[in-house]
Amino acid sequence: MTPPPASARAAAPVAGQVLTRLAEIPVGEVRRVGDKRAEALAALDITSVLDLLTHYPRRYIDRTRQAEVAGMRMGEESLVLARVLRVRARRTRQGRALVELDVDDGTGTLRVTFFNQSWRAKQLPEGTEALFFGKLDSYRGRRQLTNPVVDLVGNRTGRIVPIYPTSEKAGIAGWEFGEWIEEALRRAGTLYDPLPESWRAELDLDDRTTAFHAIHAPQTFEARDRARRRLAFDELWRLQLEVGTRRLALERDARGIRHSVPGGGVGDLVGAFVAQLPFALTDAQRRAVGEICADLAGALPMHRLLQGDVGSGKTVVALCALLVAVQGGHQGAFMAPTEVLAEQHYLSVRALLEGLTVPDSGRLGGRRPLALGLLTNRSSAGERARLHEGLRSGALDIVVGTHALITDDVRFSSLGVVVIDEQHRFGVEQRDALRAKGRDAPQGEGADPDVLVMTATPIPRTAAMVVFGDLDVTELGELPAGRTPVTTSWARREEDEAAAWRRVRDEVAAGHRAYVVCPLVEGSERIQARSATEERARLEQTVLAGLRLGLLHGQLKASDKEGVMDAFRRGDIEVLVATTVIEVGVDVPEATVMVVRDAERFGIAQLHQLRGRVGRSERPSWCYLLAADPTPEAVVRLEALERSTDGFELADVDLELRGEGTILGTRQKGRNDLKLASLRRGDRALVEAARRVAQSVLAEDPDLAGAPQLAAEVRLFVGEDEGAFLRKS
Ligand code: ADP
Ligand code: MG
């Protein structure tokens, strides 16, 4: 975020303690923390009062549900307050640290066992009184709790006891945290709340002071939930303010191109392109092209995300955008994250654009074929020089390539539209670098190109608002007609697996082809390749004997890969045994069966992507997921894939299962402020509310000049430059 001008920063003082100020107070200054404890806290990355206050409880124990040891029932979770009678620390025969306690609460005794938590012996010496929460089981006839949640009560009396993450391991008892936080909050007094009362009322949110008290020391679970909601809102709001200010700043000094899109969205070249396609656009594609053209016609550069399932036809939509640029005398660039993908795109783009012509600037009224190029690090020096020259002179209309496109020596005559595939593998910096290519046109009158970003794996819309918060979103929620969804089944039993191999044989006999995807193996590409080689040999001698098998893995030379793929396309190879290298860019319509070994090791998105290699024609097709002994979580994944072929729906399941870490992890560091907020279903409304409030605030005050405290808070929590707070997480 660009800092507001200095003059504006000296705004009026506000009522209450400002959050950013608390980041400047060392935690050691809190009464009873002291130097020694401050050191232990530092190990948890808690160095300031703000760190302390945002160290939120991991869970809460309801003490009104406290049970007596005598009354505990097998298999049920319960909470008991008991005194430690005896402590033993030893190692199991497997070498795991084992701490065993005998505890007693006056009604009975109980064994408490900890594995791999040797520090528990020190934490819970004889005579200690603590709360133990867990499920009662039995070992050799003795009633016990294994790895329970523990809380040293101290003299706390509250009904709801917060349990703090990892604090005990660091030698800090939960009650100490409680005391320090209480003290810190007392000292901070009333906190300044940047969210105006009117919004709080409308969204039914607590004020900040109430929320901080109630998250740490709630009187009721309802109060805790309200507190969580408010603090989660703040996290999401800060993010939306950050992306919002960044975007507005970009727009402020943007020099966009008003592309002409005659014919209400479909112009000459685009019209000709669409007319020559062997299929009609889907309604979803038509809508997407319409939204994109509206952006292109506007004065501001487009920043749009195009989300669509595997096979939804994103490429055609992207080409329409590029052709709008070309038709106005500009150039288009199509950037892919890997060379394989760039080459694949180039081939399909070339086929799709075949026969299109553009006005020839050299000959009045004449036309020439549209000029397309492929630029990657594999391009030869001569080829590269030719491409560079073509881009500089404008002789080249559209270039497909990898990040080779954003190296310094590439100059465009006039870059109009940029399409970036698989944004998650590109950083924001690269997107910016490509955008800058529009500016430094040789004539010196360059402009910012319009940017369309495409994801390979869709993510839920609200998640996209956070992850791609600075982009507008278009979704292709429909597959082209005539596709028969891939029938997917999880082969649970041996006879299911036999059926899968039978299907492979039947389909091959019918002139179709099959993939066998080898398990993900830990370790190097080489190990992966070896396991694929073995798999092929095994299949050849057993269930697929007599069929023509081929092998594809990452260790093969590019030319060998090509040879294998060609043979598979021709049908000389009937069954392709492959590692996940086939996940991207392989398009053989005759392939109608896929068998995935050890499918439980793959993620949902990856399996869905793999499955997209079949079902690429009107023929029915099948995907068999072999998984003999999946974990309960893997079962959810496998069943989701059986049930649904909708990438958006699967993305939803994935997010619920794995949380946001996987989506956020690849984006820039600023996303780490999400301690309480979640992108899962539960917080979706909150994400939308946060975006709405941020947009409304920024509409009045685009760089938060009138709200310097809020601006500073956003910078502190999610800023890219002063991210001290973030670098820790
Ligand atoms: P993805 O969204 O996965 O990138 P592609 O753009 O590669 O999908 O399209 C998948 C296939 O569907 C391509 O072979 C493409 O030519 C074809 N296709 C695209 N749009 C349509 C349509 N409207 N009708 C029929 N086939 C289409
Ligand atoms: Mg524009």
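Along the sequence shown, residues are numbered consecutively beginning with 1. Values in this document were obtained by computation on a predicted structure and should not be read as measured data. Read the numbers this way: they start at 1 and go in the same order the structure lists the ligands and their atoms.
Less than 4.0 angstrom separates some heavy atom of Val310 from each of these atoms of ligand 1: 3 (O). Within ligand 1, the atoms closer than 4.0 Å to a non-hydrogen atom of Thr315 are 4 (O), 5 (P), 6 (O), 7 (O), numbered from 1 in the order shown. Remark: ligand 1 atoms within the under-4.0 Å shell around heavy atoms of Asp309 are 2 (O), 3 (O). The contact set between ligand 1 and Leu281, taken as ligand atoms under 4.0 Å from a residue heavy atom, comprises 23 (N). Contact atoms of ligand 1 toward Thr282: 23 (N) (distance under 4.0 Å to a heavy atom of the residue).
In terms of protein heavy-atom proximity, atom 13 (C) of ligand 1 is nearest to Arg483 NH2, 4.7 Å. Atom 14 (O) of ligand 1 has its closest protein heavy atom at Asp587 OD2, 4.4 Å. Nearest non-hydrogen protein atom to atom 22 (C) of ligand 1 is Phe279 CD1, 3.2 Å. Here the heavy atom of the protein found nearest to atom 20 (N) of ligand 1 is Gln285 NE2, 2.9 Å. In terms of protein heavy atoms, atom 8 (O) of ligand 1 is closest to Gly313 N, 3.3 Å.
For Gly311, a nitrogen or oxygen atom sits less than 3.5 Å from a nitrogen or oxygen atom of ligand 1, counting backbone and side chain alike. For ligand 1, one of its N or O atoms has an N or O atom of Ala280 under 3.5 Å away.
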N/O donor to acceptor pairs below 3.5 angstrom from side-chain atoms of residues 590-600, sequence neighbours left out:
from, atom 1, to, atom 2, distance (Å)
Thr592, OG1, Glu507, OE1, 2.7
Arg597, NH1, Glu535, OE2, 3.0
Asp598, OD2, Arg601, NH2, 3.3

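Using a cutoff of 4.0 Å between basic side-chain nitrogens and carboxylate oxygens, Glu339 and Arg378 are scored as salt-bridged. Taking 4.0 Å as the cut-off between side-chain N and carboxylate O, Arg367 and Asp360 do not count as a salt-bridged pair. Under a 4.0 Å N-O distance rule, the pair Arg643/Glu639 does not qualify as a salt bridge. Under the 4.0 Å criterion applied to side-chain N and carboxylate O atoms, Lys561 and Asp566 are not assigned as salt-bridge partners. The pair Glu562-Lys557 does not meet the salt-bridge criterion, since no charged nitrogen lies less than 4.0 angstrom from a carboxylate oxygen.
Between His259 and His330, the two ring planes are perpendicular [angle over 60°; tilted spans 30° to 60°].
Contact annotation for Leu277 and ligand 1: no heavy atom of the residue comes within less than 4.0 Å of the ligand.
Heavy-atom neighbours of Gln276 CD from other residues, nucleotides or ligands within 6.0 Å: above the threshold of 12.
For the atom pair CD of Glu574 and CZ of Arg548, the computed distance is 4.0 Å after rounding to the nearest 0.5 Å.
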